[in-house]
Student: 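Take a look at the following structure, please.
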Amino acid sequence: MIEQARIEELRQKLNQYSYEYYVQDQPTVPDSTYDQLLRELTELETAHPELITPDSPTQRVGAAALDAFEKVTHDLPMLSLGNVFDETEIREWVARIERSLGRSTTYVAELKFDGLAISLKYEDGQLVRGATRGDGTVGENITQNLRTIKALPLRLRRNETVEVRGEAYMPKQSFERLNADRAAREEALFANPRNAAAGSLRQLDSSITASRNLSLFVYGVGVNTLSARSHSEAMLQLAELGLPTNKEMQTCETVEEILAYIAHWTMERSNLPYEIDGIVLKVDRYDDQEELGFTAKSPRFATAYKFAAEEVMTTVEEVDFSV
Ligand code: NMN
């Protein structure tokens, strides 16, 4: 059927343009082209409602409001991370790992986004469930709300079955606009982007979430169905699947490189378009991670360096870990 082929072509183009616009921040077509294709798709779907699929770019918003969020048990617990607070503790963390392995190893340093940890489940490439971390074992099903995040693909580029973990956050610009609007309406202001993101994802009516312009970074996988051998390899695969990964992630061979990364982002964090409250450090290779294992509460192969000023303001630790 000609309409079906055109609909499929439009969806593919729109998904590609959205990826370039929202994930890569590098649109390749003018907005008018995108808008025109979206209008054509909407018209075709209106004429042929039987051809609407849940992964169509027209289907991000519009689900009926919920009465409550359903509980979700994570396939693999979403653990929290231990913390390190200064150079001495970072050196001790690295020394402990290398003593335990009996040799040096490669680390990954990444930004610690100040938002809400989430899990996303894709089956055969389709987004089937999005959940909050909750207590790490049981979270809440917030699929409807997460679908409104434009950086989040409703369909992966390959038909993989994978659970990915990441952070939903409110960009600084969305936060400033939201609070300016609220001030104009004499409504209570959100204290910070993290609270605003949390409040937005807790909405039972996903059209409110959609209006808040949240974004997302994925930072790991749950159960390793991708057969990656290291965290950095898994992250490359997630990017290839069309998921939004963060480009500032860096592998480090020595503690000096880790310290340089931290010093750089301590200076530069105010220039980022989103808030971070620290740096996450992980041992890169999965076999090394397995060898290091876990304490009762958190993995030994990863830790979070917390920026000094943020620590004073943060009362509840909600750093989430994924292998
Ligand atoms: O709500 P959506 O469809 O994401 O669009 C919001 C705005 O972003 C619109 O103004 C649209 O034109 C723009 N946009 C542009 C591109 C592009 O490739 N130029 C892609 C996605 C959205």
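In this text, all values refer to a predicted model and were calculated from it rather than measured experimentally.
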Student: Classify the ring geometry of Phe113 against Tyr219: parallel below 30°, tilted from 30° to 60°, perpendicular beyond 60°.
Tutor: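 Parallel.
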
Student: Within a 6.0 Å radius of atom CD on Gln173, are there more than 12 heavy atoms belonging to other residues, nucleotides or ligands?
Tutor: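 Open.
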
Student: Hey, can you tell me if Tyr274 and Phe217 have their rings parallel, tilted or perpendicular (30° and 60° cut-offs)?
Tutor: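 Tyr274 and Phe217: perpendicular rings.
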
Student: Using only heavy-atom distances, determine whether the side chains of Gln16 and Glu20 contain a donor-acceptor pair under 3.5 Å.
Tutor: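 Yes, because at least one side-chain N or O of Gln16 sits under 3.5 Å from a partner of the opposite role on Glu20.
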
Student: Report yes or no: do Leu272 and Tyr261 belong to one cluster of Ile/Leu/Val/Met/Phe/Trp/Tyr joined by side chain heavy-atom distances under 4.5 Å?
Tutor: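 Same hydrophobic cluster.
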
Student: Does one side chain, of Ser119 or Glu163, offer a donor that lies under 3.5 Å from an acceptor on the other?
Tutor: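 Indeed, the side chains of Ser119 and Glu163 share at least one donor-acceptor pair under 3.5 Å.
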
Student: Check the pair Thr132, Phe69 against side-chain contact (heavy atoms from CB on, under 4.5 Å), reporting the backbone distance first and the verdict last.
Tutor: CA-CA 10 Å; Thr132 61; Phe69 296 118; over 6 Å; no

Student: Asp114 and Arg194: which non-hydrogen atoms are nearest, and at how many Å?
Tutor: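 Distance-wise, the nearest heavy atoms are OD1-NH1, 3.3 Å.
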
Student: Using the rule that Ile, Leu, Val, Met, Phe, Trp and Tyr join whenever any side-chain heavy atoms are under 4.5 Å apart, tell me whether Ile118 and Leu204 fall into a single cluster.
Tutor: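 Same cluster.
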
Student: Are Leu292 and Val255 connected, step by step, through hydrophobic side chains (Ile, Leu, Val, Met, Phe, Trp, Tyr) whose heavy atoms are closer than 4.5 Å?
Tutor: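 Yes; tracing contacts between hydrophobic side chains, which count when under 4.5 Å, links both residues.
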
Student: Is it the case that atom NZ in Lys247 sees more than 12 heavy atoms from other parts of the structure closer than 6.0 Å?
Tutor: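 No, NZ of Lys247 has 12 or fewer neighbouring heavy atoms, counting only those of other groups under 6.0 Å.
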
Student: Before you tell me yes or no, could you show the steps for Arg6 and Glu9 under side-chain contact (heavy atoms from CB on, under 4.5 Å), namely the whole-Å CA-CA distance, both residues' side-chain angles and the distance that decides it to 0.1 Å?
Tutor: CA-CA 5 Å; Arg6 178 64 181 157; Glu9 183 185 15; 3.0 Å; yes

Student: Is it true that, when you exclude Gln36 itself, more than 12 heavy atoms of the residues, nucleotides or ligands shown sit nearer than 6.0 Å to its CD?
Tutor: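 Atom CD in Gln36 is not packed in, count stays at 12 or less.
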
Student: For the side chain of Ser100 and the backbone of Arg96, is there at least one donor-acceptor N/O pair under 3.5 Å apart?
Tutor: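 Looks like no, no N/O pair under 3.5 Å.
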
Student: Over all heavy atoms of both residues, which pair between Thr137 and Asp135 is shortest? Give the atoms and the distance, please.
Tutor: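 Answer, listing the atom of Thr137 first, then Asp135: N-OD1, 2.8 Å.
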
Student: Under the criterion side-chain contact (heavy atoms from CB on, under 4.5 Å), I'd like the reasoning laid out for Leu79 against Ser298: C-alpha separation, chi angles, the key distance, then a yes or no.
Tutor: CA-CA 6 Å; Leu79 300 179; Ser298 51; 5.6 Å; no

Student: Passes salt bridge (Lys or Arg N to Asp or Glu O under 4.0 Å), Glu256 versus Arg91? Steps please.
Tutor: CA-CA 9 Å; Glu256 305 307 327; Arg91 287 186 184 279; 3.0 Å; yes

Student: Minimum heavy-atom separation for Tyr34 to Ser18, with atom names?
Tutor: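 Minimum heavy-atom separation between Tyr34 and Ser18: OH-OG, 3.5 Å.
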
Student: Please tell me whether Thr53 and Arg11 have a donor and an acceptor in their side chains that are separated by less than 3.5 angstrom.
Tutor: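 Short answer, yes.
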
Student: Under 4.5 Å between side-chain heavy atoms, counting indirect links through other Ile/Leu/Val/Met/Phe/Trp/Tyr residues: same cluster for Leu216 and Val23 or not?
Tutor: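 Different clusters.
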
Student: Taking atom CZ as the centre, does Arg202 end up with more than 12 heavy-atom neighbours from other residues, nucleotides or ligands that are less than 6.0 angstrom away?
Tutor: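 Incorrect, the count does not exceed 12.
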
Student: CZ of Arg157: more than 12 outside heavy atoms within 6.0 angstrom?
Tutor: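 Counting other residues, nucleotides and ligands, CZ of Arg157 exceeds 12 neighbours.
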
Student: Under 4.5 Å between side-chain heavy atoms, hopping through other hydrophobics if needed: is there a path connecting Leu41 to Tyr21?
Tutor: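 No, it is not one cluster - the side chains of Leu41 and Tyr21 are not joined through contacts under 4.5 Å.
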
Student: Carefully, step by step, assess Thr105 and Phe301 under the rule side-chain contact (heavy atoms from CB on, under 4.5 Å).
Tutor: CA-CA 11 Å; Thr105 189; Phe301 50 83; over 6 Å; no

Student: Say whether Asn213 and Ser174, considering side chains only, have a donor N or O and an acceptor N or O under 3.5 Å apart.
Tutor: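 No - no donor-acceptor pair under 3.5 Å links their side chains.
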
Student: With a 4.0 Å cut-off, would you call Arg103 and Glu98 a salt bridge?
Tutor: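 Answer for the salt bridge query: no.
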
Student: Taking atom types as modelled, find out whether Glu110 and His231 have a side-chain donor-acceptor pair closer than 3.5 angstrom.
Tutor: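 Per modelled atom types, Glu110 and His231 side chains form a pair under 3.5 Å.
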
Student: Compute the centroid of each ring, for Tyr305 and then for Trp93, and state whether the two points are separated by less than 6.0 Å.
Tutor: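 Here the rings of Trp93 and Tyr305 have centres that are no less than 6.0 Å from each other.
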
Student: Ignoring hydrogens and geometry, is there a side-chain-to-backbone donor-acceptor pair from Arg300 to Phe294 under 3.5 Å?
Tutor: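 Checking the backbone N and O of Phe294 against the side chain of Arg300, a donor-acceptor pair under 3.5 Å is found.
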
Student: Does NZ or CZ of Arg212 lie under 6.0 Å from the centre of the six-membered ring of Phe190, at an angle within 45° of the ring axis?
Tutor: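 Verdict for Phe190: no cation-pi partner in Arg212.
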
Student: Return the minimal non-hydrogen interatomic distance between Leu189 and Asn179, and the atom names on each side.
Tutor: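 Between these two residues, the closest heavy atoms are CD2-O, 3.4 Å.
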
Student: Can you confirm whether more than 12 heavy atoms, excluding those of Glu50, are under 6.0 Å from its CD atom?
Tutor: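 Enclosed.
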
